[in-house]
Amino acid sequence: MAGGSEEDPYTKPIGRWSVFFYGVGHMLNDITASCWFTYLLLFLTQIGLSPRDAAIVMLSGQVADGFATIFTGELIDRFGHFKIWHAAGSILVAISFSSVFGGCLPCSILHNESLSLETFSYSMFAAIFNIGWAATQVSHMAMVNCISLNSTSRVALTSCRNAFTMVANLSLYAIALVVFGVIKAGSKENTETQYRWIAYTSITVGCCFVVIFLMGTKEPRLRMDLKETSRRVRIPWVYWFKKLLYYQVAMVYLLTRLVLNVSQAYLAFFVIDDLQMDQSAKALVPAIIYIGSFVVSVLLQEIPWNGKRLKAYYSAGGIIWMFCGAAILLLPRDISSFMYAISVFIGIANALMMVTAISMQSVLVGAEVGGCAFVCGSLSFLDKMSCGLALYILQSHQSTSPRTQLNNGHQSIYLSVTRYGLGLVPGLCSLVGVVVTFFMELEAAGSLSMPLLDEPLLE
């Protein structure tokens, strides 16, 4: 990399164990986030909250997360100490997440089962959970750019993190598949027991990997060791606001997260309520998606990347999602088994879009490590606020919008808000993301002066 010598340890590729220890550091966040977006709205409505109240709980968490990412990013840029922020955030996540899915604690203390108190309780713990989640996410994402200046190593770190994201999601759905099979949801108490066991098991698994990360990963010293260079200087916010690429990458990242999060939030609703598939499908269908994403994420590590390929692979993922969205909108209940095939393509599209969108973010940061945490935090802020508002709007119409039934011969298609949330919204976001990507100049001076990767990561 420009500016580095052969003796500079920060321009040399890092070891595979270092990549592994870093990659497992987001497992707790990933497994709890997967449960959050897949099952929170379903859980809250099943225990008696209205769709609007469930949306308020989701929105309170997303808003808290959004503002926390901004403040966390600024503080990390000022003071560093990535591992301390990561550990503190993980503790908050572990404590509060068990309360989000563990029943209404204030209701038990006050012996009051009112829906208003339940909504307040779940909203409070959702906010606490997301504050901790934000601290862990920003510190972990920003750490990539401060561990190494070697672009190959940065891609390896990001790819390993993405691979373990898929492992975390698959772990959740394996846990959910067992729990839903063993404990039947015949009452509110049984439903709370189901999700309580899912939450406790997920936290236990995630915390084990957090310990591995904290023990195996050293505190990055790149920012301190480069104090004599311009890269160490803290970069003001206005520097990024003057770059067109910042807005383009922010838009692509925002739209990509909307595609993944909104579709994940309505997937369980769709397979159970609209398609009326078996209860096991709400764990099996998401598992198929993440198996597909995991396989594609591993294969993407073997590709020599440059700006054109980033744009091409993102566009391919977006186009696949457009077709999947159209298929979901038109899929009749009579042939619901086709959802398994659609899930494979959704998994492929998710991996193509997410890996390339994060890689664009790394291209934007480059060697400007003095502002890497702000970039991660600000883009995450946009992601959390947009997802929270989108889910709130959709859920607000869930109980007021009538289902439209289209008859095509002997087949019936029910156009519900759930179907719009899983099919139409991700499809439109993918379309806009592809258009924005088309006008990006990733190979312009200052953004990407050389290929991200000249040779495969895995030998």
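Residue indices begin at 1 and follow the sequence shown.
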Polar side-chain atom of [X] near backbone of [Y] as donor-acceptor pair, under 3.5 Å:
| X | Y | answer |
| --- | --- | --- |
| Thr136 | Ser90 | yes |
| Arg196 | Ser98 | no |
| Tyr173 | Leu284 | no |
| Thr201 | Ile198 | no |
| Gln62 | Lys384 | yes |
| Asn130 | Ala126 | yes |
| His86 | Gly25 | yes |
| Thr45 | Leu42 | yes |
| Ser34 | Asp30 | no |
| Arg257 | Cys387 | no |

For [X], does the [atom1] atom have more than 12 heavy-atom neighbours from other residues, nucleotides or ligands under 6.0 Å away?
| X | atom1 | answer |
| --- | --- | --- |
| Phe338 | CZ | no |
| Phe323 | CZ | no |
| Met251 | CE | no |
| Phe345 | CZ | no |

Could you tell me if the ring centre of [X] sits under 6.0 Å from that of [Y]?
| X | Y | value |
| --- | --- | --- |
| Phe20 | Phe164 | yes |
| Tyr39 | Phe180 | yes |
| His26 | Phe209 | no |

State the [atom1]-[atom2] distance between [X] and [Y], to the nearest 0.5 angstrom.
| X | Y | atom1 | atom2 | result |
| --- | --- | --- | --- | --- |
| Lys311 | Phe439 | NZ | CZ | 9.5 Å |
| Tyr246 | Leu379 | OH | CG | 5.5 Å |
| Ile346 | Ile289 | CD1 | CD1 | 4.5 Å |
| Leu389 | Leu258 | CG | CG | 9.5 Å |
| Leu214 | Cys207 | CG | SG | 10.5 Å |
| Leu391 | Leu59 | CG | CG | 9.0 Å |

May I have the step-by-step check of side chain to side chain contact (heavy atoms under 4.5 Å, CB included) for Phe374 and Ile76, ending in yes or no?
-> CA-CA 8 Å; Phe374 169 75; Ile76 290 176; over 6 Å; no
Applying the side-chain contact (heavy atoms from CB on, under 4.5 Å) test to Met215, which of Val211, Ile212, Thr217 qualifies?
-> Val211
Do [X] and [Y] come close enough that some side-chain heavy atom pair is under 4.5 Å?
| X | Y | answer |
| --- | --- | --- |
| Ile128 | Met124 | yes |
| Asp383 | Asn261 | yes |
| Arg161 | Tyr22 | yes |
| Glu74 | Ile70 | no |
| Met354 | Tyr314 | no |
| Thr32 | Trp133 | yes |
| Ser202 | Ile175 | yes |
| Ile131 | Asp65 | no |

Checking side chain to side chain contact (heavy atoms under 4.5 Å, CB included) for the pair Met58/Tyr392: CA distance, chi angles, key distance, verdict?
-> CA-CA 7 Å; Met58 172 74 77; Tyr392 178 78; over 6 Å; no
Test Trp36 against every option in Phe43, Phe129, Tyr122 by the ring pair (Phe, Tyr, Trp, His ring centres under 6.0 Å) rule and name the one that passes.
-> Phe129
Trp321 and Asn350: side chain donor to acceptor below 3.5 Å = yes
Going by atom types only, do Tyr290 and Gln264 share a side-chain donor-acceptor pair under 3.5 Å?
-> yes
Contact summary for Gly132 and Leu92, nearest pair of heavy atoms = CA-CB, 3.7 Å
Kindly give the heavy-atom pair with the smallest separation between Ala351 and Ser297, and that separation in Å.
-> CB-OG, 3.9 Å
Take Asp273 and Thr418 through the side chain to side chain contact (heavy atoms under 4.5 Å, CB included) test and state the conclusion after the steps.
-> CA-CA 9 Å; Asp273 295 339; Thr418 299; 5.5 Å; no
Audit row: Thr165, Phe294, side chain to side chain contact (heavy atoms under 4.5 Å, CB included) steps and yes/no = CA-CA 8 Å; Thr165 296; Phe294 175 80; over 6 Å; no
Begin with the C-alpha distance, continue with both residues' side-chain angles, and end with the deciding distance and a verdict on ring-ring contact (aromatic ring centres under 6.0 Å, His included) for His140 and Phe213.
-> CA-CA 10 Å; His140 193 258; Phe213 164 78; 5.4 Å; yes
